[in-house]
Amino acid sequence: MEPVKLLAELGIEYRAMEHAAVYTVEESRRLRIFEQLGGAACKNLFLRTKRGDYFLLTLPADKRADLKLVAKALNLPRLSFASEEDLEKLLGLHTGAVTPLGIINDVNKKVRLIIDAELQGKTLLLHPNVNTATIAVAFEDLLKLIRYTEHEYRLAEL
């Protein structure tokens, strides 16, 4: 299912903007996507532990992700970036389109979400499972979607 269809089914309001493919926050800035949509630009990282536990970390785009500190703050073993193959297999996504909305493809609920608490109460700018569009959705509405999919998530002070 496409994320925007599920958002509509759940009664979640969003704004969308189509654009050229972007693979980095910097490319998004050059296209002025954040300014045009308005909201908090997000960076999303697909991570794993050696044991094979998977996490999707969402944090403000300008925030540096220190994986050692993230693991320590969440009492997790060492975190590293998951492979593109795992990203495709578990979330149906490709590099450049990583987004918490990808959990709609994770029917086995193998991916847990970690969301930076700094994003609470903001309008989040996220890819809708493709990197040729960006949507603006309220933080609480993202949580509504996560709860609907029954995925585990954790708000963290990072």
Side-chain angles (χ1 to χ4, degrees), residues 1-7 14 16 19-31 33-34 39-120 122 124-137 139 141-158:
M1 171 178 276
E2 291 181 39
V4 292
K5 286 183 181 174
L6 181 56
L7 293 174
Y14 65 91
H19 49 73
V22 292
Y23 294 89
T24 65
V25 170
E26 227 14 80
E27 290 176 5
S28 297
R29 280 198 179 97
R30 280 195 289 274
L31 292 177
I33 294 167
F34 307 144
C42 296
K43 173 179 2 187
N44 299 284
L45 307 174
F46 188 50
L47 308 169
R48 66 167 287 168
T49 64
K50 252 186 182 163
R51 295 189 309 228
D53 298 316
Y54 292 91
F55 299 89
L56 197 147
L57 172 63
T58 299
L59 63 159
D62 292 331
K63 197 168 202 176
R64 185 178 176 279
D66 183 326
L67 299 187
K68 286 182 182 177
L69 291 178
V70 172
K72 186 176 180 180
L74 299 172
N75 198 28
L76 294 170
R78 184 176 174 269
L79 289 167
S80 61
F81 289 96
S83 70
E84 190 166 349
E85 181 181 284
D86 288 341
L87 177 62
E88 172 69 32
K89 182 175 69 176
L90 295 172
L91 296 176
L93 302 175
H94 62 83
T95 303
V98 180
T99 172
L101 302 177
I103 61 171
I104 67 171
N105 298 322
D106 180 24
V107 294
N108 295 318
K109 297 172 184 40
K110 292 205 174 252
V111 178
R112 289 180 270 172
L113 294 103
I114 303 166
I115 305 170
D116 190 311
E118 190 177 313
L119 294 171
Q120 290 181 90
K122 297 183 179 177
L124 308 180
L125 302 180
L126 307 165
H127 287 308
N129 292 2
V130 295
N131 65 344
T132 56
T134 299
I135 64 168
V137 64
F139 176 85
D141 286 334
L142 174 62
L143 293 186
K144 182 177 180 179
L145 181 135
I146 293 168
R147 290 181 193 117
Y148 175 81
T149 65
E150 299 178 342
H151 276 78
E152 288 182 42
Y153 73 93
R154 189 158 170 195
L155 297 180
E157 300 284 337
L158 303 174

Heavy-atom closest pair, residues [X] and [Y]:
{"X": "P128", "Y": "P3", "result": "O-CG, 3.6 Å"}
{"X": "L74", "Y": "A156", "result": "CD2-CB, 3.7 Å"}
{"X": "A97", "Y": "H127", "result": "CA-CD2, 4.2 Å"}
{"X": "A65", "Y": "L59", "result": "CB-CD1, 4.1 Å"}
{"X": "K122", "Y": "A40", "result": "CD-CB, 4.0 Å"}

Verify side chain to side chain contact (heavy atoms under 4.5 Å, CB included) between E26 and R29, making sure each step is shown before the conclusion. CA-CA 5 Å; E26 227 14 80; R29 280 198 179 97; 3.3 Å; yes
Validation row: [X], [Y] side chains within 4.5 angstrom (heavy atoms):
{"X": "I104", "Y": "T149", "value": "yes"}
{"X": "V70", "Y": "L45", "value": "no"}
{"X": "L119", "Y": "P60", "value": "yes"}
{"X": "N105", "Y": "N129", "value": "yes"}
{"X": "V22", "Y": "R30", "value": "no"}
{"X": "L101", "Y": "L142", "value": "yes"}
{"X": "I115", "Y": "F139", "value": "yes"}
{"X": "D141", "Y": "L7", "value": "no"}

message: If the test is side-chain contact (heavy atoms from CB on, under 4.5 Å), which one of L57, L93, L91 qualifies with F46?
response: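 That would be L91.
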Please identify each residue that fulfils side-chain hydrogen bond (donor to acceptor under 3.5 Å, both in side chains) with [X], with sequence neighbours left out.
{"X": "N44", "result": "T58"}
{"X": "S28", "result": "none"}
{"X": "R154", "result": "none"}
{"X": "H19", "result": "T134"}

Checking side chain to side chain contact (heavy atoms under 4.5 Å, CB included) for the pair L47/F81: CA distance, chi angles, key distance, verdict? CA-CA 4 Å; L47 308 169; F81 289 96; 3.8 Å; yes
With a 3.5 Å distance limit and no angle check, can you tell me whether N108 reaches the backbone of K110 through a side-chain donor-acceptor pair?
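No, N108 side chain to K110 backbone: no donor-acceptor pair under 3.5 Å.
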What distance do [X] atom [atom1] and [Y] atom [atom2] have between them, rounded to the nearest 0.5 Å?
{"X": "E85", "Y": "L87", "atom1": "CD", "atom2": "CG", "answer": "11.0 Å"}
{"X": "D86", "Y": "K89", "atom1": "CG", "atom2": "NZ", "answer": "5.0 Å"}
{"X": "Y153", "Y": "I103", "atom1": "OH", "atom2": "CD1", "answer": "10.5 Å"}
{"X": "Y23", "Y": "N131", "atom1": "OH", "atom2": "CG", "answer": "5.0 Å"}

* Asked: For R112, which residues count as a side chain to side chain contact (heavy atoms under 4.5 Å, CB included) partner, sequence neighbours excluded?
  ->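 If we apply the side chain to side chain contact (heavy atoms under 4.5 Å, CB included) test to R112, skipping adjacent residues, the hits are D53, F55, E152.
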- Message: Going by side chain to side chain contact (heavy atoms under 4.5 Å, CB included), name the residues that satisfy it together with R64, two or more places apart in sequence or in a different chain.
- Response: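 D66.
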Tell me if the [atom1] atom of [X] is crowded by more than 12 foreign heavy atoms within 6.0 Å.
{"X": "K63", "atom1": "NZ", "answer": "yes"}
{"X": "R78", "atom1": "CZ", "answer": "no"}
{"X": "K43", "atom1": "NZ", "answer": "yes"}

Open item on the list: Between L79 and T49, is the side chain to side chain contact (heavy atoms under 4.5 Å, CB included) condition met? List the steps.
Closed with: CA-CA 5 Å; L79 289 167; T49 64; 3.9 Å; yes
